[in-house]
Amino acid sequence: MIVNYSKVALVGAGAMGRGIAQIAAQAGSTVLIFDSFAGAAERGRGAVVAQWQKLHEKGKFDAAQLAALSERLHAVASLSDLAGCDLVIEAVVEDMAVKRQLFHDLEAVVAPSATLATNTSSLSVTAIAAGLAHPERVAGFHFFNPVPLMKVVEVVAGFKTDPAVCRQLAAYAVQMGHSAVQAQDTPGFIVNHAGRGFGTEALRIVGEGVADFATVDRILKDQAGFRLGPFELMDLTALDVSHPVMESIYRQYYEEPRYRPSVITAQRLAAGALGRKTGEGFYRYVDGAAQVAPEPAAPTVDALPPVWVSPRAARRAELLKLIHTLGAQIETGAAPSSQALILVAPLGFDVTTVAAVERLDATRTVGIDLMIDDAATKRRVLATNPATRIDMRDAAHALFARDGKAVSVIRDSGGFVTQRVVGTIVNIATDMCQQRVCSPADLETAVRLGLGYPRGPLAMGDLYGPTNMLEVLFNLQTVYGDPRYRPSPWLRRRGALGLSLMHEEE
């Protein structure tokens with residue numbers, strides 16, 4: 001489908017508006033930039049042309065192309081100059097009153113056939129279009145910064161939006177070199193909604209005293225393959241951006257527990273510890289580099305005790321093979337001897353619960369997270385319980401560090417770290433599918449391109465097993481008694497039937 005938006009207007013000459021103007025002109029449209037602040041439109045045009053000049057110097061454009069692009073981009077002085085535009089994209093401040101007034105004013109200027117699009121990231125498209133004579137031509141067209149590099153755009157249908165408008169915007173996004181994903185008008189749309197689990201669950205883990213910020217970041221990068229840990233990411237995006245989004249989505253969903261924010265970020269926001277841009281966030285920054293204390297070395301143990309593995313341990317055969325490879329003596333009796341290090345590998349449960357249910361000596365019991373195949377990770381994670389002896393903790397640490405793989409030892413936690421965070425991500429994503437916020441395929445595309453996860457959340461759930469995800473969540477709910485962990489019906493049904501989480505009903 002080819003869409004001929006020959007003349008496109010950008011209202012708002014900030015970074016987002018400039019980025020959209022750049023790719024719209026590169027797609028062949030004549031682009032007009034308007035901003036209510038005097039001189040802002042001209043400065044915005046100059047910034048886009050300067051960007052094209054840099055690309056020309058790198059050989060991306062020849063001189064003729066540079067000249068043609070520059071001729072397509074114009075700064076205008078008033079809204080009335082937008083009268084001949086086929087498409088107007090709003091990229092102004094995230095304020096409902098401001099946006100509604102702007103769309104009211106635009107409706108009086110442009111032709112009845114023109115499409116009006118909002119780049120809002122958090123406000124209701126339906127509410128923005130309310131009161132207009134033609135709300136059916138208004139849709140969300142949400143890009144991500146930096147626009148030329150973030151190759152995804154959310155096309156959002158308001159309650160009264162004509163489906164043809166969304167199809168045209170999606171096709172135009174493709175012409176601009178982006179992947180278009182279509183979403184219903186729900187809080188956070190796709191990307192900001194799907195991203196709730198990563199940070200909020202990590203904050204809960206730290207809030208429980210399970211591990212510190214750096215340890216949680218290391219675990220999620222080395223075990224699950226995330227490019228940035230949640231606290232590194234929040235420092236990059238800045239808490240004055242990320243915390244209000246947490247609060248907004250939580251409130252818009254009428255305090256749904258899955259999206260519950262944290263007092264940790266509220267306090268740091270109040271203190272001005274916003275992240276990289278202030279030099280201090282979850283980490284302190286010197287010349288832009290995070291100051292992170294080195295990990296302590298693995299303890300030295302004169303002699304390892306024999307090791308007994310719970311018969312209920314996840315991946316028990318793999319764990320026994322690993323222990324053998326690492327050179328430990330393995331006990332094979334029905335119960336551990338009085339000298340043995342006892343290993344458990346639960347899914348969702350904490351070490352305390354397993355030790356109590358299996359009637360193990362808690363002073364010698366240590367947990368290991370084996371939801372993910374050990375060969376696929378760069379780090380092993382162990383958990384103690386409140387009764388674990390120091391010598392047993394050190395023995396377990398020394399054993400699993402023998403081959404040089406990194407080891408983190410955390411305090412007791414249902415689901416360790418990775419199980420909790422991945423389980424929450426998968427659960428939120430599956431519930432988005434249950435709510436029909438978007439299609440499973442669009443959800444996967446949006447999260448991979450918009451959040452940079454190693455894979456989409458549904459593919460993540462399929463990789464680690466929908467049944468395992470269910471077990472993790474059911475057991476987390478048992479340990480914490482929190483409805484936050486209740487499994488989505490989409491996950492529960494597909495897990496019970498052995499179906500892929502991507503599977504849609506006929």
Side-chain angles (χ1 to χ4, degrees), residues 183 186-205 208 216 220 223-226 230 246 249-250 252-262 314 346-350 369 371-372 413-440 442-444 446-448 450-451 453-504:
T186 50
F189 308 138
I190 303 176
V191 174
N192 282 328
H193 188 165
R196 291 310 87 217
F198 190 52
T200 59
E201 192 61 26
L203 286 161
R204 288 176 66 83
I205 290 166
E208 291 170 19
V216 172
L220 289 169
Q223 266 208 322
F226 291 96
M246 292 182 206
I249 291 178
Y250 179 60
Q252 287 183 77
Y253 270 104
Y254 298 100
E255 301 184 357
E256 162 58 55
R258 290 190 181 109
Y259 313 127
R260 190 184 299 124
S262 170
L347 292 176
F349 280 130
D350 56 3
D369 184 1
M371 182 183 77
I372 302 174
S413 167
F416 299 88
V417 171
T418 297
Q419 292 178 25
R420 286 179 67 163
V421 173
V422 169
T424 302
I425 289 170
V426 171
N427 198 31
I428 288 173
T430 54
D431 210 56
M432 290 173 66
C433 295
Q434 187 66 46
Q435 295 175 38
R436 278 30 180 207
V437 170
C438 59
S439 70
D442 275 1
L443 189 150
E444 294 291 279
V447 170
R448 282 189 295 102
L451 295 175
Y453 287 1
R455 53 186 58 82
L458 304 179
M460 203 180 293
D462 282 347
L463 176 65
Y464 302 136
T467 303
N468 285 343
M469 292 290 97
L470 267 181
E471 185 172 350
V472 166
L473 290 162
F474 277 133
N475 293 343
L476 281 170
Q477 195 173 8
T478 299
V479 170
Y480 291 103
D482 192 335
R484 173 183 181 85
Y485 301 111
R486 70 194 189 283
S488 165
W490 185 282
L491 171 59
R492 185 171 56 78
R493 291 170 183 143
R494 283 152 186 77
L497 295 173
L499 298 174
S500 164
L501 297 181
M502 295 285 290
H503 181 84
E504 296 188 73

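Here, residue 1 is the first one in the sequence, and each next residue gets the next number. What you see is a predicted model; the values in this text were computed from it and never measured.
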Hey, does [Y] have a side-chain heavy atom less than 4.5 Å from the side chain of [X]?
X	Y	answer
Leu451	Val191	yes
Val216	Pro230	yes
Asn427	Met469	no
Glu201	Ile425	no
Val421	Ile205	yes

Handout entry: Which residues share a side chain to side chain contact (heavy atoms under 4.5 Å, CB included) with Val479, sequence neighbours left out
Key =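 For Val479, the residues satisfying side chain to side chain contact (heavy atoms under 4.5 Å, CB included) (neighbours in sequence not counted) are Phe349, Asp350, Thr353.
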
Exercise for the section: Not counting sequence neighbours, which residues clear side chain to side chain contact (heavy atoms under 4.5 Å, CB included) with Asp431? List them please. Expected result: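 If we apply the side chain to side chain contact (heavy atoms under 4.5 Å, CB included) test to Asp431, skipping adjacent residues, the hits are Arg258, Gln434, Gln435, Ser488, Pro489.
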
Which residues share a side chain to side chain donor-acceptor pair (under 3.5 Å) with [X], sequence neighbours left out:
X	result
Gln223	Thr418
Thr430	none
Gln252	Ser248

Looking only at heavy atoms, which two atoms of [X] and [Y] are closest? And how far apart?
X	Y	answer
Val447	Ala194	CG2-CB, 3.6 Å
Ala224	Ile372	CA-CD1, 4.3 Å
Gly423	Leu473	O-CD2, 3.8 Å
Gly456	Arg448	N-CG, 3.5 Å
Ile249	Asn192	CD1-O, 3.5 Å
Leu443	Ala429	CD1-O, 3.5 Å

Handout entry: Side chain Glu255, main chain Tyr250, donor-acceptor under 3.5 Å
Key =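 Such a contact is absent between Glu255 side chain and Tyr250 backbone.
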
Exercise for the section: Please confirm whether the backbone N or O of Phe416 pairs with a side-chain atom of Asp369, one donor and one acceptor, at under 3.5 Å? Expected result: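 Looks like no, no N/O pair under 3.5 Å.
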
Problem - Partners passing salt bridge (Lys or Arg N to Asp or Glu O under 4.0 Å) against Arg486 (at least two apart in sequence or in another chain) - result: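 In terms of salt bridge (Lys or Arg N to Asp or Glu O under 4.0 Å), with neighbours along the sequence ignored, Arg486 is linked to Glu256.
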
Handout entry: Set of salt bridge (Lys or Arg N to Asp or Glu O under 4.0 Å) partners for Asp442, sequence neighbours left out
Key = none

Handout entry: Thr424-Arg484 side chain donor-acceptor pair, cut-off 3.5 Å
Key = no

Practice task
Verify whether one side chain among Asp482 and Gln477 offers a donor that lies under 3.5 Å from an acceptor in the other.
Solution key: no

Set of residues satisfying ring-ring contact (aromatic ring centres under 6.0 Å, His included) with respect to [X], sequence neighbours excluded:
X	answer
Phe198	Phe226, Tyr453
Tyr259	His193, Tyr253
Tyr480	Tyr485

Handout entry: Test log, rule side chain to side chain contact (heavy atoms under 4.5 Å, CB included), inputs Asn468 and Gln419
Key = CA-CA 10 Å; Asn468 285 343; Gln419 292 178 25; over 6 Å; no

Problem - Interatomic spacing from SG in Cys433 to CD in Glu444 - rounded to 0.5 Å - result: 8.0 Å

Problem - Test log, rule side chain to side chain contact (heavy atoms under 4.5 Å, CB included), inputs Arg260 and Met246 - result: CA-CA 7 Å; Arg260 190 184 299 124; Met246 292 182 206; over 6 Å; no

Handout entry: Presence of salt bridge, Glu208 and Arg420, under 4.0 angstrom
Key = yes

For a quick test of your reading: what N or O donor-acceptor pairs under 3.5 Å do the side chains of residues 491-502 make, sequence neighbours left out?
residue : atom : partner : partner atom : Å
Arg494  : NE   : His503  : O            : 2.8
Arg494  : NH1  : Trp490  : O            : 3.2
Arg494  : NH2  : His503  : O            : 3.2
Arg494  : NH2  : Glu505  : OE1          : 3.3
Arg494  : NH2  : Glu505  : OE2          : 3.4
Ser500  : OG   : Asp462  : OD2          : 2.6
Ser500  : OG   : Met502  : N            : 3.0

